[in-house]
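In what follows, a structure is listed as structure tokens, so that the remarks can point back to it.
What you see is a predicted model; the values in this text were computed from it and never measured. In this chain, residues are counted from 1 in sequence order.
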Amino acid sequence: MADKMALAKAINESLRRALETDPKVLIMGEDVGKLGGVFRVTDGLQKDFGESRVIDTPLAESGIVGTAIGLALRGYRPVVEIQFDGFVFPAYDQIVTQLAKMHARSLGKVKLPVVVRIPYGGGIGAVEHHSESPESLFAHVAGLKVVSPSNASDAYWMMQQAIQSDDPVIFFEPKRRYWDKGEVNAEAIPGPLHKAQVVRGGTDLTLAAYGPMVKLCQEVADAAAEEGKNLEVLDLRSVSPIDFDSIQASVEKTRRLVVVHEAPVFFGSGAEIAARITERSFYHLEAPVLRVGGYHAPYPPARLEEEYLPNLDRVLDAVDRSLAY
């Protein structure tokens, strides 16, 4: 039976299930225990599982991730929360030089099953350092898996799969979608963690997105349909690895591709997708791959963020430009 719940609640339920089924699973982070997290994603977990399983940490991201690495070396499966996206950078050294590389450095003998949860992206009117989209920085690092759900069902199951993975996973949670509700079937059989999904079929153009931009792309497809355009929406779900096979299959059907993400277009994940699909499907494309994203500038004050973030008009403009070729 499926239950309807918010994306944040789906992650909470997934963490609860992991704590119940595996005594080696631990949750760590700033205010994750008594407060239940600033977004209440871990609400009630410390009360039910105790302070030794759901641990309130000092305000020290490098120390949090470093401790998680040590725990993983001792056989635990830590789930670390970085309270906001912009707070991850003090821990960047631990993540990219230790967490990502230990498996290769040990010639495969050491596994580090650590999940780093990061609420990310804009749209909530937050102050500086609270609305970043740094996923490409982590996707560039070999040894890390980088994923981002767009809906409650994926949030539930992708968290389960991330915790069960023997590789470190950076789990980007779209904070502007925390309160969007969807059906979650806790008895379902999930698909592969890094498999893209077609969430709306179409024939004229493919919109590829992940995390917070999938809902926007569905709204774009609705608006385009009123003008007689039939757009396919592909939820990538994973930024590293990227499911290029699914993108290629969609593009070779529609012959056009627009990639949408909140992160800056400059050196963003859309650039890698554009290059790969151009290499793979050059003779199928009827227009260059276009990208819509944030600008190559520091994230602006909250009053200006709607001008910075991709919106309906900017994506529709890219659709029109592609179809005009």
Show the numbers, then the answer: is there a side-chain contact (heavy atoms from CB on, under 4.5 Å) between Val32 and Asp56? CA-CA 6 Å; Val32 298; Asp56 281 315; 4.1 Å; yes
Taking a hydrophobic cluster as the set of Ile, Leu, Val, Met, Phe, Trp and Tyr residues connected by side-chain heavy atoms closer than 4.5 Å, whether directly or through intermediates, do Tyr325 and Leu207 fall within one such cluster? no
Is it true that the side chains of Glu305 and Tyr299 contain a donor and an acceptor less than 3.5 Å apart? yes
With Ile64 as reference, evaluate Glu81, Glu30, Gln94 under the side chain to side chain contact (heavy atoms under 4.5 Å, CB included) test and give the passing residue. Glu30
Do Thr206 and Leu231 have side chains that get closer than 4.5 Å, going by heavy atoms? no
If I take atom CZ from residue Arg256 and atom CZ from residue Arg321, how far apart are they, to the nearest 0.5 angstrom? 13.0 Å
Taking atom types as modelled, is there a side-chain donor on Thr254 or Glu232 under 3.5 Å from an acceptor on the other? no
Please find the pair of heavy atoms, one from Phe39 and one from Gln83, that lie closest to each other, and give the distance. CE1-O, 4.2 Å
Non-hydrogen side-chain atoms of Ile11 and Glu173 separated by less than 4.5 Å: yes
Flag side-chain contact, heavy atom, 4.5 Å: Leu15 against Ile163: yes
Please check: side-chain N/O of Asp85 versus main-chain N/O of Ser131, any donor-acceptor pairing under 3.5 Å? yes
Taking Trp157 for the side chain and Ile189 for the main chain, is one N or O donor matched with an acceptor at less than 3.5 Å? no
Would you call Lys229-Asp320 a salt bridge at under 4.0 Å N-O? yes
Minimum side-chain heavy-atom gap Leu26-Val79 below 4.5 Å: no
For the residue pair Gly86 and Phe89, what are the closest heavy atoms and their distance? O-CD1, 3.5 Å
If you round to the nearest 0.5 Å, how far is CG of Asp235 from CE of Met213? 12.0 Å
Does the Ser136 side chain pair with the main chain of Gly268, one donor and one acceptor, at a distance under 3.5 Å? no
Given side chains that start at C-beta, do those of Ile247 and Val259 come closer than 4.5 Å, heavy atoms only? no
What distance separates Arg276 CZ from Glu279 CD, expressed to the nearest 0.5 Å? 7.0 Å
Can you tell me if Ser165 uses its side chain to pair, donor with acceptor, with the backbone of Gln161 under 3.5 Å? no
Above 12 or not: heavy atoms from other molecules or residues under 6.0 Å from NZ of Lys181? no
Can you list the steps and then say if Ile95 with Leu144 is a side-chain contact (heavy atoms from CB on, under 4.5 Å)? CA-CA 9 Å; Ile95 293 172; Leu144 298 176; 3.8 Å; yes
Any side-chain heavy atom of Val147 sitting closer than 4.5 Å to one from Val239? no
Strictly by modelled atom types, are Tyr210 and Glu135 linked by a side-chain donor-acceptor pair under 3.5 Å? yes
Does the distance from a Lys or Arg side-chain N to an Asp or Glu carboxylate O, for Arg237 and Asp243, drop under 4.0 Å? no
Is it true that Val199 and Leu257 fall in one hydrophobic cluster, defined by side-chain heavy atoms closer than 4.5 Å? no
Determine whether Leu216 and Leu309 fall in the same hydrophobic cluster, where Ile, Leu, Val, Met, Phe, Trp and Tyr are linked whenever their side-chain heavy atoms lie under 4.5 Å apart. no
Enter the distance from Leu137:CG to Ile170:CD1 here, rounded to the nearest 0.5 Å. 11.0 Å
One thing to verify: whether Arg77 and Asp166 come together as a salt bridge, which I'm taking to mean a side-chain N less than 4.0 angstrom from a carboxylate O. yes
Closest non-hydrogen atoms of Cys217 and Ala209, given as atom of the first, atom of the second and distance, are SG-CB, 3.8 Å
Test item: Arg117 side-chain N/O and Phe172 main-chain N/O as donor-acceptor pair under 3.5 Å: no
Here the pair of heavy atoms bringing His296 nearest to Phe266 is CE1-CD2, 3.3 Å
If only side-chain N and O atoms count, and only distance matters, is there a donor-acceptor pair under 3.5 Å linking Glu306 with Asn311? no
Working for salt bridge (charged side-chain N to carboxylate O under 4.0 Å, His left out), residues Lys9 and Asp43: CA-CA 9 Å; Lys9 179 63 173 175; Asp43 190 37; over 6 Å; no
Run through Thr97, Val114, Val110 and flag the one making a side chain to side chain contact (heavy atoms under 4.5 Å, CB included) with Met102. Val110
Determine the minimum heavy-atom distance between Gly211 and Ser148, stating which atoms define it. CA-OG, 3.4 Å
Salt bridge flag under 4.0 Å for residues Asp167 and Lys145: yes
Taking the six-membered ring for Trp and the single ring otherwise, decide whether the centroids of Tyr92 and Phe138 are under 6.0 Å apart. yes
Checking Arg176 against Glu262 for the salt bridge (charged side-chain N to carboxylate O under 4.0 Å, His left out) test, could you report, in this order, the C-alpha distance in whole Å, the side-chain angles of both residues, the deciding distance, and whether it holds? CA-CA 12 Å; Arg176 70 151 78 179; Glu262 281 195 19; 3.3 Å; yes
Which class fits the ring pair Tyr295 and Tyr308: parallel under 30°, tilted 30 to 60°, perpendicular over 60°? perpendicular
In the structure I gave you, are the side-chain heavy atoms of Leu205 and Val319 within less than 4.5 Å of one another anywhere? yes
Less than 4.0 Å between a side-chain N and a carboxylate O, is that true for Lys34 and Glu51? yes
Checking the side chain of Arg200 only, and the main-chain atoms of Leu234 only, is there a donor and an acceptor separated by less than 3.5 Å? no
Hey, is the main chain of Leu19 close enough, under 3.5 Å, to the side chain of Arg53 for a donor-acceptor pair? yes
Full working for side-chain contact (heavy atoms from CB on, under 4.5 Å) between Phe49 and Ile27: CA-CA 10 Å; Phe49 294 95; Ile27 295 173; over 6 Å; no
Could you grab the distance from atom CZ of Arg177 to atom CD1 of Ile124, nearest 0.5 Å is fine? 12.5 Å
Worked verdict on Val220 versus Val233 for side-chain contact (heavy atoms from CB on, under 4.5 Å): CA-CA 9 Å; Val220 169; Val233 179; over 6 Å; no
Take Phe171 and Tyr120 through the ring pair (Phe, Tyr, Trp, His ring centres under 6.0 Å) test and state the conclusion after the steps. CA-CA 10 Å; Phe171 198 96; Tyr120 83 117; 10.0 Å; no
Main chain of Ile82, side chain of Glu61: is a donor-acceptor contact present, judged purely on distance under 3.5 Å? no
Does His130 reach the main-chain N or O of Glu128 with its side chain, forming a donor-acceptor pair under 3.5 Å? yes
Heavy-atom donor-acceptor pair, Ser238 side chain to Pro241 backbone, under 3.5 Å: yes
Can you tell whether the side chains of Asp22 and Arg17 come within less than 4.0 Å, N to carboxylate O? no
Electrostatic pair Asp204:Arg255 at N-O distance under 4.0 angstrom: no
Separation of Leu35 CG from Gln46 CD (nearest 0.5 Å): 10.5 Å
So does Lys4 pair up with Glu183, basic N to acidic O under 4.0 Å? no
Quick one, Pro168 and Val116 - any side-chain contact, counting heavy atoms below 4.5 Å? no
